[in-house]
Amino acid sequence: MSVSVIIPAFNEEKYLGEKLKSVQQALELLPKVAGVLAEIIVVDNISTDLTVEVALSFGAHVVNETKHNIASVRNAGARFAKHDILVFIDADTLVPPGLLFSINQLMADSTCFGGAVDTDFRTAKPVLKIYFQLWRMAGKLTGMAQGATQFCRKGVFSSLSGYDESLFMGEDIDFYWRLKDFAKRQNGSVCFIEELKVIPSARRFEQWPLWRTLVCTHPLYIFPLRRREWAWRGWYKSIPR
């Protein structure tokens, strides 16, 4: 079994190094047997800082994608990937050491088509702590899974035509729902990892006023505007620092 870790990145010079260290530590725990191969792919989304240089310094492959659309960026990495299992991890998300080993074990079962990993947003702001917990509860009730870390068999990913590039927001939830539906129709399964959690950065929400967080993450805003590029310009082109 072999793994391609795909990391979309736009001006992530400050966070990417720590992230790549956590991924490398996780890769070191994969079984040291014949047939277990791994690669790290950083998809650069026209960064103007040292994102590419940081990626190369860690031995990652660098792929370029010019369109500011996270679905397009992830798909560009998937097209370049050489291995059987695709693992998509956001550039500002830290992974626990045992995560890729756990994914490798789950995917050893041919009936598991892919899945996602639970998140642990960390913030000192009490209101955001409560809000993040409400997100997790809503996700469990509705079967949603955020894209901070998702994984899938490459063949299944191709059958689903990857992430929907007409979506500028919610593409991760859309993909997870389509993955679950496809697996069900093929008598397969989707695995959600709860015992290990990834840690996405809460920097965007810590820097935004609360009203903006509540509006931009609300389904009543996301759903009707998810295909409207203008509605998400601030999300894509103004990366918090």
Side-chain angles (χ1 to χ4, degrees), residues 1-9 12 15-44 51 54-63 70 73-122 139 145-158 160 162-163 172 175-176 179-180 183 188-201:
M1 188 168 299
S2 54
V3 177
S4 293
V5 178
I6 299 167
I7 303 169
E12 292 289 358
Y15 290 87
L16 187 59
E18 186 179 10
K19 156 63 179 296
L20 290 172
K21 285 181 184 177
S22 75
V23 171
Q24 287 185 337
Q25 290 170 352
L27 288 174
E28 288 173 0
L29 295 181
L30 288 175
K32 302 298 189 293
V33 297
V36 177
L37 305 171
E39 64 180 349
I40 301 175
I41 302 166
V42 173
V43 188
D44 178 55
T51 291
V54 172
L56 292 173
S57 73
F58 280 85
H61 302 292
V62 175
V63 176
I70 188 62
V73 177
R74 289 184 176 128
N75 288 344
R79 286 193 295 271
F80 181 86
K82 300 178 179 65
H83 297 320
D84 307 332
I85 307 303
L86 307 179
V87 182
F88 299 90
I89 310 174
D90 286 349
D92 60 356
T93 297
L94 298 177
V95 301
L99 180 64
L100 295 177
F101 179 82
S102 179
I103 290 174
N104 187 65
Q105 284 189 312
L106 289 171
M107 299 301 275
D109 180 351
S110 62
T111 65
C112 179
F113 284 20
V117 185
D118 202 357
T119 56
D120 180 15
F121 280 92
R122 297 180 181 179
Q146 297 175 19
T149 302
Q150 294 182 331
F151 54 97
C152 184
R153 296 188 186 280
K154 190 173 184 181
V156 171
F157 189 83
S158 297
L160 294 171
Y163 289 91
D172 48 353
F175 178 78
Y176 190 70
L179 175 62
K180 287 172 64 177
S189 63
V190 169
C191 304
F192 185 72
I193 298 175
E194 292 186 80
E195 63 276 11
L196 296 173
K197 296 178 176 61
V198 296
I199 306 173
S201 171

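One is the number of the first residue; the rest follow in order along the sequence.
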List, one per line, each side-chain donor-acceptor pair under 3.5 Å for residues 85-98, sequence neighbours excluded.
from  : atom 1 : to     : atom 2 : distance (Å)
Asp90 : OD1    : Arg74  : NH2    : 3.0
Asp92 : OD2    : Arg203 : NE     : 3.4
Asp92 : OD2    : Arg203 : NH2    : 3.2

Check the pair Asn75 / Phe157 against side chain to side chain contact (heavy atoms under 4.5 Å, CB included), numbers first and verdict last. CA-CA 9 Å; Asn75 288 344; Phe157 189 83; 3.3 Å; yes
Go through it in stages, so that I can follow the logic: the residues are Val62 and Thr51, the test is side chain to side chain contact (heavy atoms under 4.5 Å, CB included), and I'd like the CA-CA distance, side-chain angles, deciding distance and then a yes or no. CA-CA 10 Å; Val62 175; Thr51 291; over 6 Å; no
Which of these passes side chain to side chain contact (heavy atoms under 4.5 Å, CB included) with Ile103: Ile193, Leu196, Leu30? Ile193
Heavy atoms, side chains only, cut-off 4.5 Å: are Ile6 and Val43 in contact? yes
Kindly compute the distance separating SG (Cys152) from CG (Leu160), expressed to the nearest 0.5 Å. 6.0 Å
Considering residues at least two apart in sequence or located in another chain, which fulfil the side chain to side chain contact (heavy atoms under 4.5 Å, CB included) criterion with Lys21? Phe58
Taking all heavy atoms of Ala55 and all of Leu20, pick out the closest pair and write down the distance. CA-CD1, 3.9 Å
Can you measure from CD (Gln25) to CG (Leu99) and round to the nearest 0.5 angstrom? 12.5 Å
What is the minimum heavy-atom distance between Phe121 and Ser201, and which atoms define it? CE2-O, 3.8 Å
Considering only heavy atoms from C-beta outward, does the side chain of Glu195 approach that of Ser102 to under 4.5 Å? yes
Shortest non-hydrogen contact between Ala76 and Val63, atoms and distance: O-CG1, 4.2 Å
Atom pairs and distances, side-chain donor-acceptor, residues 106-119, under 3.5 Å, sequence neighbours left out:
from   : atom 1 : to     : atom 2 : distance (Å)
Asp109 : OD1    : Thr111 : N      : 3.0
Asp109 : OD1    : Thr111 : OG1    : 2.8
Asp109 : OD2    : Thr111 : OG1    : 3.1
Asp118 : OD1    : Arg136 : NE     : 3.2
Asp118 : OD2    : Arg136 : NH2    : 2.5

Is the shortest heavy-atom distance from the side chain of Ile70 to the side chain of Asp172 under 4.5 Å? no
Report the C-alpha distance between Leu27 and Ile40 in whole Å, list the side-chain angles of each, state the deciding distance to 0.1 Å, and finish with yes or no for side chain to side chain contact (heavy atoms under 4.5 Å, CB included). CA-CA 10 Å; Leu27 288 174; Ile40 301 175; 3.8 Å; yes
Taking side chain as C-beta onward, heavy atoms only, is Phe151 less than 4.5 Å from Val3? no
Sub-3.5 Å donor-acceptor pair from the side chain of Lys82 to the main-chain atoms of Glu39, do we have one? no
